[in-house]
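Report on the following structure.
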Amino acid sequence: MSALRILKKEDGNLKKNDLYMISGTEYKEMTKEILAQSDLWAEIKKKADQKQKDADQMLIGIKPNLVSPTEASYGATTHPEIVAGIIEYLQERSCQHIVMLESSWVGDKTSESMEVCGYDRLVEKYNVPFWDMQLDESSEVDCAGMRLQICSSVRKLDFLINVPVLKGHCQTKITCALKNMKGLIPNKEKRHFHKLGLHKPIAHLNVGIHQDFILVDNICGDLDFEDGGNPFIMNRLFAGLDPVLIDAYVCAELHYKPEDVPYVKMAEELGVGSADLTRLSIRQIGEIGEKRVIPEKRKIVELQDAVEEVESCSACYGYLIPALDRLKEEGLLQELHEKICIGQGYRGKSGALGVGSCTSGFACNLKGCPPTDEQMYEFLKQYIATRRKTEAEK
């Protein structure tokens, strides 16, 4: 990280290697300030010129992360105050066509996530529609040689603003700019991504969907679980144009190399952006503030040893890990001697212990697509208790 340059705000257009950063606790006002300083409007006008449109007539899409129905303070979803700041910034410049669009992960309804996360109130206050991508049609798109289903409404947009949360992920280590595009594909394609191993389709998807501007919610993302539960307070926002460079920076922040998250380097090779951190210029707006040191040790690494995962969907695996964390805190996980099998790769197969409908052929199985973390916790706790009783009776 020593090669990174931290610079004060300078006049001039936002460049591909720039990362504007702001700290504080007034999230809506911070958002409007960072958009003004990085000059989002200039980027919109530039794209409008290419499309031979007036800037205020551009259809602008805002893509938050509403993975599940959990409030932003939980560490999984985009703070609605940030999206409110984006909308106000755009409406103050007479933008007339703004939409929010997103889909939650398989197993949760976007409509419920929208309400729990406060986006229904944004619709009402700003008269900006919310497009539920779980209800959208899709079409096949050639994404650099990989044909993927992408929600049809994405093609209607003139300009896409990505608002991901900086957080950990139980399967890909990190999730931020590149992976957030997965909310713009239908559920059947999300399941297909996991059969393909996640990394390659994520990289190719970002050829098929171009991000015009990225504003990262680095307020309190969970550094272990994409579904939240252990928020790590940073109170930062940062903005840029290159999703690959942003994700490479996130890797460094979480003590990984870009090579540790294969889709980052794959996306670079496909021409989506650059992962070369020596090119990155961080432009600080205002005071840096007190920065917490991100710990290198991850809970997720300690818990994954208890799991045999093959092609599992994010929701199913994402619910299992917090359940295991609870068992570990109660001193019960050490009594679980069998590996817990999970994922689409176990369909039609048999085994000892499995969670999710894909392991329905196992001797001991918890059904559900997916079962909740609470159901997994109770199921495994009962399994351990039964095993303990059986061994005591021998």
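The structure displayed is predicted, hence computed values, not measured ones. Residue numbers run from 1 in the order of the sequence given.
Using a 4.0 Å cut-off between charged side-chain N and carboxylate O, D222 and K167 make no salt bridge. Electrostatic pairing of K173 and D260 does not count as a salt bridge here, judged by no charged N lying under 4.0 Å from a carboxylate O. Taking a cutoff of 4.0 Å between a charged side-chain nitrogen and a carboxylate oxygen, D212 and K47 qualify as a salt bridge. With respect to the salt-bridge test (charged N to carboxylate O, under 4.0 angstrom), the residues E374 and R326 qualify.
With hydrogens and angles disregarded, a donor-acceptor distance shorter than 3.5 Å links the side chain of H255 to the backbone of I294. Using modelled atom types, one side-chain atom of T77 and one backbone atom of T70 make a donor-acceptor pair closer than 3.5 Å. A donor-acceptor distance shorter than 3.5 angstrom exists from the side chain of Q375 to the backbone of T372, with no hydrogens or angles considered. With E309 contributing its side chain and I342 its backbone, the two residues share no donor-acceptor pair below 3.5 Å. A donor-acceptor contact shorter than 3.5 Å is absent between the side chain of R147 and the backbone of C143.
When the shell of 6.0 Å around NZ of K200 is examined, it contains 12 or fewer heavy atoms from other residues, nucleotides or ligands. Counting non-hydrogen atoms of neighbouring residues, nucleotides and ligands closer than 6.0 angstrom, the NZ atom of K32 exceeds 12 such neighbours. No more than 12 heavy-atom neighbours from other residues, nucleotides or ligands sit within 6.0 angstrom of CD on E124. Other residues, nucleotides and ligands contribute at most 12 non-hydrogen atoms within 6.0 Å of the CD atom of E137. Heavy-atom neighbours of K16 NZ from other residues, nucleotides or ligands within 6.0 Å: above the threshold of 12. Within 6.0 Å of CD in E335 there are more than 12 heavy atoms belonging to other residues, nucleotides or ligands. Within a 6.0 Å sphere centred on NZ of K257, other residues, nucleotides and ligands contribute 12 heavy atoms or fewer. Atom CD of E378 has more than 12 heavy atoms from other residues, nucleotides or ligands within 6.0 Å.
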For the pair I60 and C95, evaluate side chain to side chain contact (heavy atoms under 4.5 Å, CB included) and give the outcome as yes or no after the intermediate values. CA-CA 8 Å; I60 300 174; C95 288; 3.9 Å; yes

Is there a side chain to side chain donor-acceptor pair (under 3.5 Å) between D217 and T78? Walk through the geometry before answering. CA-CA 6 Å; D217 179 345; T78 303; 4.8 Å; no

Between M234 and S23, does the side chain to side chain contact (heavy atoms under 4.5 Å, CB included) criterion hold? Intermediate values first, please. CA-CA 8 Å; M234 294 290 286; S23 301; over 6 Å; no

Worked check of ring-ring contact (aromatic ring centres under 6.0 Å, His included) between W105 and Y319: CA-CA 12 Å; W105 64 4; Y319 285 142; 5.2 Å; yes

Given V128 and V83, is the side chain to side chain contact (heavy atoms under 4.5 Å, CB included) satisfied, shown in steps? CA-CA 11 Å; V128 170; V83 175; over 6 Å; no

Evaluate R93 against D56 for salt bridge (Lys or Arg N to Asp or Glu O under 4.0 Å), listing each step before the verdict. CA-CA 7 Å; R93 287 154 181 81; D56 58 4; over 6 Å; no

Side chain to side chain contact (heavy atoms under 4.5 Å, CB included) between M376 and L366: does it pass, once the steps are laid out? CA-CA 7 Å; M376 290 188 185; L366 173 65; 3.9 Å; yes

Hey, mind stepping through Q171 and S312 against side chain to side chain donor-acceptor pair (under 3.5 Å) and telling me if it holds? CA-CA 9 Å; Q171 291 164 293; S312 67; 3.1 Å; yes

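A donor-acceptor contact closer than 3.5 angstrom links the side chains of E88 and Y126. A donor-acceptor contact under 3.5 angstrom links the side chains of Q382 and T386, judged on distance only. No donor-acceptor contact under 3.5 angstrom links the side chains of K182 and S103, judged on distance only. Q344 and H194 are not linked by any side-chain donor-acceptor pair at a separation below 3.5 angstrom, with hydrogens and angles left out of the test. S274 and D276 share no donor-acceptor pair across their side chains, judged by distance under 3.5 Å alone. T25 and N235 are not linked by any side-chain donor-acceptor pair at a separation below 3.5 angstrom, with hydrogens and angles left out of the test. Judged purely by distance below 3.5 Å, without hydrogens or angles, the side chains of S68 and D227 pair a donor atom with an acceptor atom. Using modelled atom types, one finds no donor on one side chain facing an acceptor on the other under 3.5 Å when comparing S360 with N365. Looking only at atom types and distance, the side chain of E226 has a donor-acceptor partner in the side chain of H169 under 3.5 Å away.
In this structure, CZ on R236 lies 13.0 Å from OH on Y27, to the nearest 0.5 angstrom. Annotation: the span from L353 atom CG to F379 atom CZ amounts to 5.0 Å, rounded to 0.5 Å. Rounding to the nearest 0.5 Å places CG of N17 at 5.0 Å from OG of S281. The line from CD of Q57 to OG of S94 is 10.0 Å long, rounded to the nearest 0.5 Å. Taken to the nearest 0.5 Å, the OG atom of S152 stands 11.5 Å off from the CG atom of L184. Atom-to-atom distance recorded for L122:CG and I98:CD1 is 11.5 Å, nearest 0.5 angstrom.
Taking the six-membered ring wherever Trp is involved, the centroid distance between the rings of F362 and Y346 falls below 6.0 Å. The aromatic ring centroids of F213 and F159 lie 6.0 Å or more from each other.
In this structure, R121 forms no cation-pi arrangement with Y119, as its terminal cationic atom is not both closer than 6.0 Å to the ring centre and no more than 45° off the ring axis. Taking the ring centre of W131 as origin, the terminal cationic atom of K156 falls inside the region bounded by 6.0 Å and 45° from the ring axis.
For the side-chain contact (heavy atoms from CB on, under 4.5 Å) with N180, the qualifying choice from V163, N162, V216 is N162, the only one to do so.
Counting heavy atoms from C-beta on, the side chains of V355 and I340 come closer than 4.5 Å. Between I87 and K125 there is no side-chain heavy-atom pair separated by less than 4.5 Å. Counting heavy atoms from C-beta on, the side chains of T31 and L35 come closer than 4.5 Å. With contacts defined as side-chain heavy-atom distances shorter than 4.5 Å, the pair C358/E311 does not qualify. Side-chain contact check for L241 versus E43: some heavy-atom pair is nearer than 4.5 Å. Side-chain contact check for V165 versus C176: every heavy-atom pair is 4.5 Å or farther apart. Within the 4.5 Å cutoff, no side-chain heavy atoms of D136 are placed close to those of V154. For the pair V272/E268, no side-chain contact is recorded, criterion being any heavy-atom separation below 4.5 Å from C-beta on.
Closest approach of A306 and L324 over heavy atoms only: CB-CD1, 4.3 Å. Residues G183 and E102 share a closest heavy-atom pair of CA-OE1, 3.5 Å. Listed here is the closest heavy atom pair of T175 and Y263: CA-OH, 3.9 Å.
Under a hydrophobic clustering in which Ile, Leu, Val, Met, Phe, Trp and Tyr are joined whenever their side-chain heavy atoms come within less than 4.5 Å, directly or via other members, L277 and V244 fall into the same cluster.
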